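Contents: one structure, followed by commentary.
Remember, it's a predicted structure, so these values are computed and weren't measured experimentally.
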Amino acid sequence: MKIVAIVQARMGSTRLPNKVMKLIGDKPMIELLLGRLAGAVEVDEIVVATSEDPRNLPLAQHVRALGYRCIQGSENDVLHRFLCAAEQVEADVIVRITGDCPLVDPALVDEAIRRFKQAQVDYFSNVAPPTFPDGLDIEVFKYAALARAARETDKPFDREHVTPYLREQTCFSKGCMVNDEDLSALRWTVDEPADLEVIRKVFAHFSYRTDITWQQVLKLRQTHPELFEANQQIIRNEGASMSAGQKLWKRAKQVIPGGNMLLSKRAEMFLPEQWPAYFSKSKGCKVWDLDGKEYTDMSIMGIGTNTLGYGHPEVDAAVQQVVADGNMSTFNCPEEVYLAEKLIELHPWADMVRLARSGGEANAIAIRIARAASGRDKVAVCGYHGWHDWYLSANLGDDQNLAGHLLPGLDPAGVPQNLRGTVFPFNYNNYAELEALVNTHDIGVIKMEVVRNKGPEDNFLQKVRKLATERKIVLIFDECTSGFRQAFGGLHKLYGVEPDMAMFGKALGNGYAITATIGRREVMEAAQSTFISSTFWTERIGPAAALRTLDVMERTKSWETITNTGLQIREKWQQLADKNGLKIDHWGLPALTGFSFQSENALAYKTLITQEMLAKGYLAGNSVYVSTAHTPDVVERFFAELDPIFGLIKECEEGRDVMSLLKGPVCHAGFKRLN
């Protein structure tokens, strides 16, 4: 009976890439592990099983240089990888060791093998139940049992984790080794940077000896617990239940402040501890996560950037041609001229255009030009206009100022205090409030969203326009969000009110980075009296994508489609609410439609929707940013799946505990919606 220890190892770990080759002292972790495992006298041969991914070549070369066999197989079907390795070395019995356990104890391995022989079972381990420290895991099983499992299970989880089928099926005889004291809460494995920190401290304490026993490590923990503190908050076998995206999100938060570049895309805004977080590809209204699982996006569709759906073939073809021809050069790209002309054609009141690549940039450009044109610094604002200092300075005010509570959560830390008193917020549809600001302060610029959650009342926009004209104030409409959703161009066209400047973004390039600031000549020429310039505002992809996006929009009248779809979605939400006796409030443009439950548990209900719909293959919450890819069939299927969840929420309103239904924390609230 040939007993082979197969060490599972690869370089592509999501949480700690290349971990098996990370140095502990002057040796890679895999080398320490193999050296320790070689002390197991019951093992006839040690083999490393890695994947065929080219990233594993350094690992394979190092293992072979040490004199061990390294067999390469499937990246994701690890069960098949083990089976192939066992067949090549003609193993009768397999001892499974994972490459992230450098403290594996050869004496413990020998004891497990001897007990396996004595028990005469198919599968034997010290992990079911776990009573030894995490990192001392040992599984011993017959090759024949593994071969049967490979034939009978096609579940991805079984095939990724090798042995679940052996442990769970009654057709296999099983045995286990249990420690006298339950030490399963101790963590001696390496999955994350904190784990590696602990292991390095342990080996350093023992002067990097390879013959230390697990009992010596346990005694060290009892005498020097501070050496083990860094990773004790990590849950045992957490990775087995986490998606690749969840693992990467956890890793991201160690190296990126907040975890990512955009607050609205943080996992905590959707489903803390469960959200897939990252995508591998997208098309139409479908998104695939890092594990290849497909979802229908009935959520924010790239934060509203893709009104034509993800990966529109005509837009992508235009971008691919630009990439083939070259995106940057010493010369300017001609597309910026063509795009400027097109935007002016759509907005006859405008004469000139400046392009950028993000909404925050466009807002900053507009404010700089408007202040230069008006000769005055003070700005009245209504709505959300980005992250730059000029805007966040509104939150430098005290509790008597709307700035103290208009956008909670937008902390102005880092914004110079001397900007205080330069930006004054006012509420939408409150003309008297705006007029008071203008009468009290020397306002030179009014910047506002045309509509955010509800439309103008009592000729509000017309009154604002008249006030700006009379006081020689530059009026700016921020259409970065609203543009091209309800009209072919700015939403202001529907209300017959022309600003002095307007900005467009998000939908303009259907997922490619492009924003535009347009305005009257007498205002825009002030840009020449100040300095506004940036290298990547001259790249070619953004303008090329925008031109083709506008072509497709104009031909298909996309704004009509997404508006009608949004209205249908709103109606169907209301029908579900009425059916279950629930009260909801609607908000947003039809193509950016959303709702809120009239309940103190509203946020928990939103989280429940996201949780349950994610399990059904949908990205969903309480808003939908509509695209032309949201066809009637897609919408119908979505509401068929959503229906029973509203029923659950009804039960919660009648007394059932919503928190008992949630598998994790409630999602974060995000920005306060502005009236």
Side-chain angles (χ1 to χ4, degrees), residues 243 245 262 264-265 267 269-271 275-319 481-486 505-513 545 548-550 552-553 555-573 576 588-595 606 609-643 645:
S243 69
L262 182 67
S264 299
K265 282 191 177 183
M269 305 299 289
F270 301 91
L271 197 62
W275 195 242
Y278 299 91
F279 77 106
S280 58
K281 64 178 181 177
S282 59
K283 192 70 174 176
C285 61
K286 301 286 188 180
V287 178
W288 287 260
D289 68 13
L290 296 186
D291 295 309
K293 185 173 181 179
E294 177 186 311
Y295 299 93
T296 299
D297 195 339
M298 299 298 291
S299 182
I300 56 177
M301 285 294 294
I303 316 297
T305 56
N306 293 78
T307 60
L308 302 178
Y310 296 125
H312 190 280
E314 293 182 55
V315 179
D316 284 359
V319 170
T481 297
S482 60
F484 298 96
R485 293 190 199 278
Q486 211 164 332
K506 290 192 183 291
L508 184 57
N510 202 56
Y512 293 98
R548 189 55 55 87
T549 297
L550 292 176
V552 176
M553 284 179 173
R555 185 179 74 244
T556 63
K557 292 184 169 53
S558 60
W559 62 93
E560 293 181 359
T561 299
I562 62 177
T563 294
N564 290 333
T565 301
L567 290 172
Q568 292 167 15
I569 289 172
R570 183 175 294 176
E571 181 182 356
K572 290 178 181 296
W573 274 329
L576 281 184
L589 297 173
L592 298 170
T593 188
F595 75 95
K606 175 189 173 185
I609 289 174
T610 304
Q611 172 185 289
E612 297 302 301
M613 291 301 286
L614 187 71
K616 296 168 182 270
Y618 287 87
L619 307 182
N622 65 336
S623 62
V624 177
Y625 290 7
V626 185
S627 77
T628 56
H630 290 117
T631 61
D633 183 55
V634 169
V635 173
E636 286 298 326
R637 290 200 303 270
F638 167 69
F639 276 95
E641 298 290 356
L642 185 61
D643 188 330
I645 302 171

**Prompt:** Should V634 and M298 count as side-chain neighbours, where that means a heavy-atom distance under 4.5 Å?
**Reply:** yes
**Request:** Could I get the full list of side-chain hydrogen bond (donor to acceptor under 3.5 Å, both in side chains) partners for T593, not counting sequence neighbours?
**Result:** R570
**With N306 via side chain to side chain contact (heavy atoms under 4.5 Å, CB included) - residues at least two apart** = M301, Y310, N510
**Message:** Ignoring hydrogens, what is the shortest heavy-atom contact between I300 and S264? Give both atom names and the distance.
**Reply:** CD1-O, 3.9 Å
**Request:** If a pair satisfies salt bridge (charged side-chain N to carboxylate O under 4.0 Å, His left out) and one of its residues is in residues 296-306, list it, with sequence neighbours excluded.
**Result:** none
**Item:** Contact summary for D289 and S280, nearest pair of heavy atoms
**Value:** O-OG, 2.9 Å
**Request:** State which residues pass side chain to side chain contact (heavy atoms under 4.5 Å, CB included) with E641; sequence neighbours excluded, sorted by chain then number.
**Result:** M613, K616, Y618
**Minimum side-chain heavy-atom gap L642-I609 below 4.5 Å** = yes
**Request:** Please list, chain by chain and in numerical order, all residues satisfying ring pair (Phe, Tyr, Trp, His ring centres under 6.0 Å) with F270, sequence neighbours excluded.
**Result:** W275
**Message:** Nearest 0.5 Å, please: how far is CG in L508 from CZ in F484?
**Reply:** 5.5 Å
**Request:** Go through the structure and list residues passing side chain to side chain contact (heavy atoms under 4.5 Å, CB included) with A629, not counting sequence neighbours.
**Result:** C285, S627
**Prompt:** For T561, which residues count as a side chain to side chain contact (heavy atoms under 4.5 Å, CB included) partner, sequence neighbours excluded?
**Reply:** T565, T628
**Request:** Please identify each residue that fulfils salt bridge (Lys or Arg N to Asp or Glu O under 4.0 Å) with E314, with sequence neighbours left out.
**Result:** R555
**Prompt:** Of all residues at least two apart in sequence or in a different chain, which pass the salt bridge (Lys or Arg N to Asp or Glu O under 4.0 Å) check with D643?
**Reply:** K579
**Item:** Residues forming a side-chain hydrogen bond (donor to acceptor under 3.5 Å, both in side chains) with E560, sequence neighbours excluded
**Value:** none
**Asked** How far apart are the closest heavy atoms of P276 and S243, and which atoms are they?
**Response** CA-OG, 4.1 Å
**All salt bridge (Lys or Arg N to Asp or Glu O under 4.0 Å) counterparts of K572, not counting sequence neighbours** = E636
**Request:** Can you measure from OH (Y625) to CD1 (I562) and round to the nearest 0.5 angstrom?
**Result:** 12.5 Å
**Complete:** Residue set satisfying side-chain hydrogen bond (donor to acceptor under 3.5 Å, both in side chains) with Y512, at least two apart, ordered chain then number -> D316
